[in-house]
Structure formats: structure tokens, C-alpha cells
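First up is the structure itself, then whatever we jot down about it.
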Amino acid sequence: MNKSLTFRFMNEQDIDDVLEIEHKSFATPWSREAFYNELTQNQFAVYVVLEEEDKVIGYCGVWIVVDEAHITNVALLPEYRGRKLGEALMRKIIEVAVEMGAKTMTLEVRVSNFTAQSLYRKLGFQDGAIRKNYYTDNQEDALIMWVNL
């Protein structure tokens with residue numbers, strides 16, 4: 001049986017939980033200051049958290065500029081992966097972006113991250129260009145993916 005899952009907009013009190021997810025998910029995690037600035041200074045940024053019984057287990061960020069949305073990051077705690085929660089989180093951020101007027105959405109994904117690419121394709125994303133040496137930890141290329149909303 002599924003425990004209670006809820007989505008809500010991220011606030012400053014969520015930064016510690018999001019940093020834990022970030023550090024468990026990425027080789028070059030964002031800093032506390034980066035998330036604080038996204039929440040308090042970036043007028044284009046929208047962040048959503050996914051909670052299971054009041055515990056933040058995932059988050060997704062998007063920048064919405066006029067009618068274009070760009071996913072900044074999306075991650076789940078490792079123990080919650082493989083349960084279609086990443087798909088639910090992406091569907092929620094797409095819904096939010098559309099409500100805010102977005103007509104297209106883009107993101108970058110590691111060329112080696114076939115699991116994420118598969119999810120994005122399931123959601124209608126198409127392959128775009130390659131950004132060479134995009135990831136600073138190992139200079140891996142990024143695949144740009146996009147979808148019309």
C-alpha cells in the first residue's frame with residue numbers, strides 16, 4: 001500500500017532535506033547558498049518537493065522564462081528510486097510549468113544516464129543537441145532534451 005504522497009512548493013525550511021537528496025544523487029551537488037538564492041532571488045525559479053508522510057524524498061526545479069521552462073535538477077533519495085516517483089515528480093513540474101504559461105520544456109541529462117533518458121522520452125521529450133564536456137566532475141557530455149507542452 002502506498003503511503004501518503006504529497007507535492008508542494010519548496011520553501012527555505014526544506015533546504016537541509018533537499019541538500020541531503022542532492023548529495024546522495026549528484027557528483028557535484030549544489031550548495032546551500034545556491035538553493036537559498038534560487039528560492040529568494042531568482043524570480044524565474046520554481047521548486048517542488050515530494051513528501052512521503054511529511055518527509056521530503058524528492059524535489060524538482062524549473063526556471064520559467066516567458067513560455068520556456070528549463071529543468072534545473074530533479075532527484076529522489078536513492079531508496080525511493082524505481083517506484084515511478086521520478087515520473088510523478090516530472091509530471092507535477094510539467095503541470096506547474098503549463099499552469100505558469102510554459103509552452104516548451106528543456107533539460108540536460110548525462111549521455112550515460114539511460115534510465116533518466118528513458119523516463120524523459122516516456123514523457124514526450126525528444127533528443128536535441130549535445131553539450132560537450134557539460135559536467136564538471138568528469139567532463140561528460142550532456143544530451144539536451146526538449147518537449148512541447
Side-chain angles (χ1 to χ4, degrees), residues 1-128 134-135 137 140 142-149:
M1 185 169 90
N2 266 354
K3 295 180 180 176
S4 173
L5 293 171
T6 55
F7 294 98
R8 64 174 173 77
F9 290 106
M10 182 178 167
N11 60 54
E12 292 172 43
Q13 289 71 44
D14 297 317
I15 292 176
D16 284 341
D17 292 332
V18 166
L19 280 174
E20 177 189 354
I21 298 165
E22 185 80 358
H23 281 270
K24 290 181 175 179
S25 300
F26 301 114
T28 52
W30 282 20
S31 67
R32 172 182 304 283
E33 181 181 30
F35 282 107
Y36 179 80
N37 288 338
E38 285 291 279
L39 294 175
T40 63
Q41 306 293 320
N42 186 345
Q43 64 181 344
F44 304 111
V46 178
Y47 283 77
V48 169
V49 294
L50 173 59
E51 291 181 315
E52 183 179 79
E53 298 186 345
D54 299 322
K55 175 182 172 58
V56 175
I57 62 169
Y59 73 97
C60 185
V62 63
W63 293 342
I64 302 171
V65 181
V66 189
D67 62 355
E68 295 182 6
H70 180 82
I71 299 289
T72 56
N73 34 23
V74 56
L76 289 166
L77 284 171
E79 59 268 32
Y80 290 90
R81 295 177 192 159
R83 294 172 37 189
K84 306 233 182 276
L85 299 174
E87 179 178 344
L89 195 50
M90 283 295 297
R91 288 189 187 280
K92 183 63 176 181
I93 207 73
I94 289 169
E95 176 187 310
V96 168
V98 167
E99 287 172 1
M100 297 181 74
K103 303 231 181 316
T104 62
M105 181 175 278
T106 63
L107 55 79
E108 290 94 6
V109 59
R110 287 180 185 268
V111 293
S112 65
N113 191 344
F114 300 114
T115 302
Q117 290 173 35
S118 176
L119 166 61
Y120 303 144
R121 288 187 186 104
K122 179 178 180 181
L123 295 171
F125 282 80
Q126 300 177 44
D127 294 4
Y134 182 77
Y135 293 96
D137 61 321
E140 184 173 355
L143 171 63
I144 302 168
M145 300 183 78
W146 64 274
V147 65
N148 289 319
L149 301 175

Please list, one pair per line, the donor and acceptor atoms closer than 3.5 Å that link side chains of residues 7-15 to other protein atoms, with sequence neighbours excluded.
unit_1, atom_1, unit_2, atom_2, d
R8, NE, E51, OE1, 3.3
R8, NE, E51, OE2, 3.3
R8, NH1, D14, OD2, 2.7
R8, NH2, D14, OD1, 2.6
R8, NH2, D14, OD2, 3.4
R8, NH2, E51, OE2, 3.0
N11, OD1, Q13, N, 2.8
N11, OD1, D14, N, 3.4
D14, OD2, N11, N, 2.9

Problem - Test item: side-chain donor near acceptor, E140 and S112, under 3.5 Å - result: yes
Exercise for the section: May I ask you to test the E20-D16 pair for a side-chain heavy-atom distance under 4.5 Å? Expected result: no
Practice task
Please tell me if the side chains of L5 and L85 come closer than 4.5 Å, counting only heavy atoms from C-beta onward.
Solution key: yes
Problem - I93 side chain reached by I71 side chain, heavy atoms, under 4.5 Å - result: yes
Handout entry: E79 atom CD: more than 12 heavy-atom contacts under 6.0 Å
Key = yes
Handout entry: L107 side chain reached by V109 side chain, heavy atoms, under 4.5 Å
Key = yes
Handout entry: Close side-chain approach of K24 and L77, heavy atoms under 4.5 Å
Key = yes
Practice task
Report the C-alpha separation of V49 and V18 in whole Å, then their side-chain angles, then the decisive distance to 0.1 Å, and conclude whether the side chain to side chain contact (heavy atoms under 4.5 Å, CB included) test is met.
Solution key: CA-CA 8 Å; V49 294; V18 166; 4.2 Å; yes
Practice task
Assess whether atom OH of Y36 is packed by more than 12 heavy atoms of other residues, nucleotides or ligands within 6.0 Å.
Solution key: no
Practice task
Please step through side chain to side chain contact (heavy atoms under 4.5 Å, CB included) for the pair R121 and M145, ending with a clear verdict.
Solution key: CA-CA 9 Å; R121 288 187 186 104; M145 300 183 78; 3.6 Å; yes
Problem - R81: side chain to side chain contact (heavy atoms under 4.5 Å, CB included) partners, not counting sequence neighbours - result: S25, L76, P78
Exercise for the section: Side-chain contact test, heavy atoms from C-beta onward, threshold under 4.5 Å: evaluate it for V111 versus Y135 and give yes or no. Expected result: no
Handout entry: Euclidean distance, K55 NZ relative to E53 CD, rounded to 0.5 Å
Key = 11.5 Å
Practice task
Determine whether T72 and W63 make a side-chain contact, defined as any pair of heavy atoms from C-beta on separated by less than 4.5 Å.
Solution key: yes
Practice task
Would you give the length of the straight line joining atom CZ of F125 to atom CG of L119, rounded to the nearest 0.5 angstrom?
Solution key: 8.5 Å
Handout entry: Interatomic distance, H70 atom NE2 to I144 atom CD1 [nearest 0.5 angstrom]
Key = 8.5 Å
Problem - Intermediate values then yes/no, side chain to side chain contact (heavy atoms under 4.5 Å, CB included), Q126 and W146 - result: CA-CA 5 Å; Q126 300 177 44; W146 64 274; 3.6 Å; yes
Handout entry: Straight-line distance of C60 SG to L50 CG, nearest 0.5 Å
Key = 10.5 Å
Handout entry: Full working for side chain to side chain contact (heavy atoms under 4.5 Å, CB included) between L143 and E108
Key = CA-CA 6 Å; L143 171 63; E108 290 94 6; over 6 Å; no
Practice task
Look at the rings of Y47 and F35 and say which category their plane angle falls in: under 30° parallel, 30 to 60° tilted, over 60° perpendicular.
Solution key: perpendicular
Practice task
For the pair K92 and E95, find out whether any cationic side-chain nitrogen is under 4.0 Å from an anionic carboxylate oxygen.
Solution key: yes
Practice task
May I ask you to test the L149-T104 pair for a side-chain heavy-atom distance under 4.5 Å?
Solution key: no
Exercise for the section: Could you grab the distance from atom CE of M90 to atom NZ of K122, nearest 0.5 Å is fine? Expected result: 12.5 Å
Exercise for the section: Might you point out which heavy atoms bring I64 and A69 nearest each other, and give the distance in Å? Expected result: CG1-CB, 4.2 Å
Completion exercise
Between the CG atom in N37 and the CZ atom in R32, the distance rounded to the nearest 0.5 Å is 12.5 Å
Fill in the blank from the handout: Heavy atoms of L89 and G58 approach each other most closely as CD2-C, 4.0 Å
